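Worksheet: the structure to be examined is printed underneath.
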There are 2 protein chains.
Amino acid sequence: MDPMSAPEVATTADRITVAMAELMRRQGYAATGVAELARTAGAPTGSIYHHFPEGKRGVAAAAMRTTGAAYIQLVPLLLDAHADLPTGIEAAFATAADTMESTGWATMCPVAVVAAEIADTEPELRAVAAEVIGGWLDDGGSYLVGRGLTAADARTLIHALLAALEGAFLLARSLRSQEPLIAAGRSLAVFARALLDAAARQPA
Amino acid sequence: MDPMSAPEVATTADRITVAMAELMRRQGYAATGVAELARTAGAPTGSIYHHFPEGKRGVAAAAMRTTGAAYIQLVPLLLDAHADLPTGIEAAFATAADTMESTGWATMCPVAVVAAEIADTEPELRAVAAEVIGGWLDDGGSYLVGRGLTAADARTLIHALLAALEGAFLLARSLRSQEPLIAAGRSLAVFARALLDAAARQPA
DNA sequence: GTCTATAACAGGATAGAC
DNA sequence: GTCTATCCTGTTATAGAC
């Protein structure tokens, strides 16, 4: 708040949120304990319940929302670099594959890990996951419209793209192989090109 | 063993394995307790450790392998019905979407749920996941070669297909929407058709 | 707003009677 | 091979001093 204050370390609440996102990405929601979270964030357990009265569940919700906001910024960052959209998509998947391997196959999206775990058991967190994923679909779809796709095609493509990305992350992490991400990238590049070509052929 | 014995109920070990697969699919590995598993399987906790000396981890490994064997049988079952491969792929995704909605969005692959959770924390289970997924890729790839794809194309397609399927399951479950599965099915049908067309054009 | 101590309970695993 | 009782450790959450 004070413009004079140095950037310092992030606030305690921020450190807790970031630590939770990191732990969830690595081991999921259920396996992450509050004590471990406190240790990782460098805060006593009491601070967690002070900043997040809803406890572990509240921290998880905040971590998912923060992750969601951070990830959506990557879309233009990765795809604007290529004038040809299909080429950009394929390159983005390749970048993801490299990043994953260089981080020891740990860099998976925490929202996806948690979403799989809690969809049937934690209604509030499932709603948060749906909200975050829905935001990705909306924003990603808008971006694709800007790249020349019709609204309907953009919606189809962003659904297929996000599904392929999350699924390929999951397979790559278990197999410790770039192959799923590379194959998914090729597949989506072909699909994107087909949609663009069809739209160009009948601009009704 | 005794050919005269009625089919009866499955053996205790089988009931435990099946119950574990069902619980893991719904809530993951970490959130599934041994007491809950015993209750679901209709067996005392002692029996679990009698049949699976490695405990919860051993039951999970058995459940993943059993699931893997069951799922791979679905491939010819779903795809042989259509003479045109891309059409068959799209129909299979649509069937998965219907099944999922009619079961209250709970029917996700337990291997995928667990794989996401334990990739960094349970090395033995990660290896089992890799073994099961690797089997799907091998068998699915062989099937696709039988449907007219080159070995390299089959490998690419089965990777892209499995990634899209697991990812779409994950999104569909969180969003409670068929849309990810339908979009992924369309995307893979287009990709499969492109691979088949390219192979037909240059049968070098 | 920070931190310690602890309450209240559930976790996985084991021992041993039957 | 089945089942019960129990051990020990870890869990989430809270109370209350500072």
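Quantities reported herein were computed from a predicted structural model and do not represent experimental measurements. Side chains included, hydrogens not; waters and symmetry mates left out as well; all remaining heavy atoms used. Residue numbers start from 1 in every chain, and the chains themselves are labelled A, B, ... in the order their sequence lines are given, proteins ahead of strands.
- Here D:dA15 presents its C1' atom at 15 Å from NE2 of A:His50, a figure rounded to the nearest Å.
- Between B:Leu37 atom CG and C:dA13 atom C1' the separation is 13 Å, expressed in whole Å.
- Both the sub-6.0 Å distance and the 45° axial angle are satisfied by B:Lys56 relative to the ring of B:Tyr29.
- Here the side chain of B:Arg193 pairs no donor or acceptor atom with the backbone of B:Pro86 at under 3.5 angstrom.
- Contact between the side-chain N/O atoms of B:His51 and the OP1/OP2 oxygens of D:dT2 is found at a separation under 4.0 Å.
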Applying side-chain contact (heavy atoms from CB on, under 4.5 Å), run through B:Gln27 and B:Glu36 and close with a yes or a no. CA-CA 12 Å; B:Gln27 57 195 25; B:Glu36 184 182 17; 2.9 Å; yes

Quick test: give all pairs of protein nitrogen or oxygen and nucleotides 10-12 of chain D nitrogen or oxygen below 3.5 Å, distance rounded to 0.1 Å.
{"from": "D:dT12", "atom 1": "OP1", "to": "A:Thr32", "atom 2": "O", "distance (Å)": "3.3"}
{"from": "D:dT12", "atom 1": "OP1", "to": "A:Lys56", "atom 2": "NZ", "distance (Å)": "3.2"}
{"from": "D:dT12", "atom 1": "OP2", "to": "A:Val34", "atom 2": "N", "distance (Å)": "2.6"}

Going through the distances and angles, do A:Glu166 and B:Glu166 end up as a side-chain contact (heavy atoms from CB on, under 4.5 Å)? CA-CA 8 Å; A:Glu166 296 289 15; B:Glu166 297 289 14; over 6 Å; no

Could you go through nucleotides 5-10 of chain C and list every protein N or O atom that sits under 3.5 Å from one of its N or O atoms, giving the distance for each pair?
none

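- Between the side chains of A:Glu101 and A:Gln178, at least one donor N or O lies within less than 3.5 Å of an accepting N or O.
- In summary, B:Glu22 and B:Arg26 engage in a salt bridge, as defined by a charged side-chain N under 4.0 Å from a carboxylate O.
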Give the intermediate values and the outcome of side-chain contact (heavy atoms from CB on, under 4.5 Å) for residues A:Thr67 and A:Tyr71. CA-CA 6 Å; A:Thr67 302; A:Tyr71 276 32; 3.7 Å; yes

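- Taking atom CZ of A:Arg39 as the reference point, atom P of C:dC3 lies 16 Å away to the nearest angstrom.
- The stretch residues 16-26 of chain B has no heavy atom under 4.0 angstrom from DNA chain C at all.
- Rounded to whole Å, the distance from CZ on A:Arg57 to P on D:dA13 is 7 Å.
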With side-chain hydrogen bond (donor to acceptor under 3.5 Å, both in side chains) as the criterion, how do A:Asp138 and A:Tyr143 come out once you've worked through the C-alpha distance, each side chain's angles and the decisive distance to 0.1 Å? CA-CA 9 Å; A:Asp138 288 344; A:Tyr143 176 86; over 6 Å; no

A:His51 and A:Thr11: side-chain contact (heavy atoms from CB on, under 4.5 Å), yes or no, with the steps? CA-CA 11 Å; A:His51 292 285; A:Thr11 69; over 6 Å; no

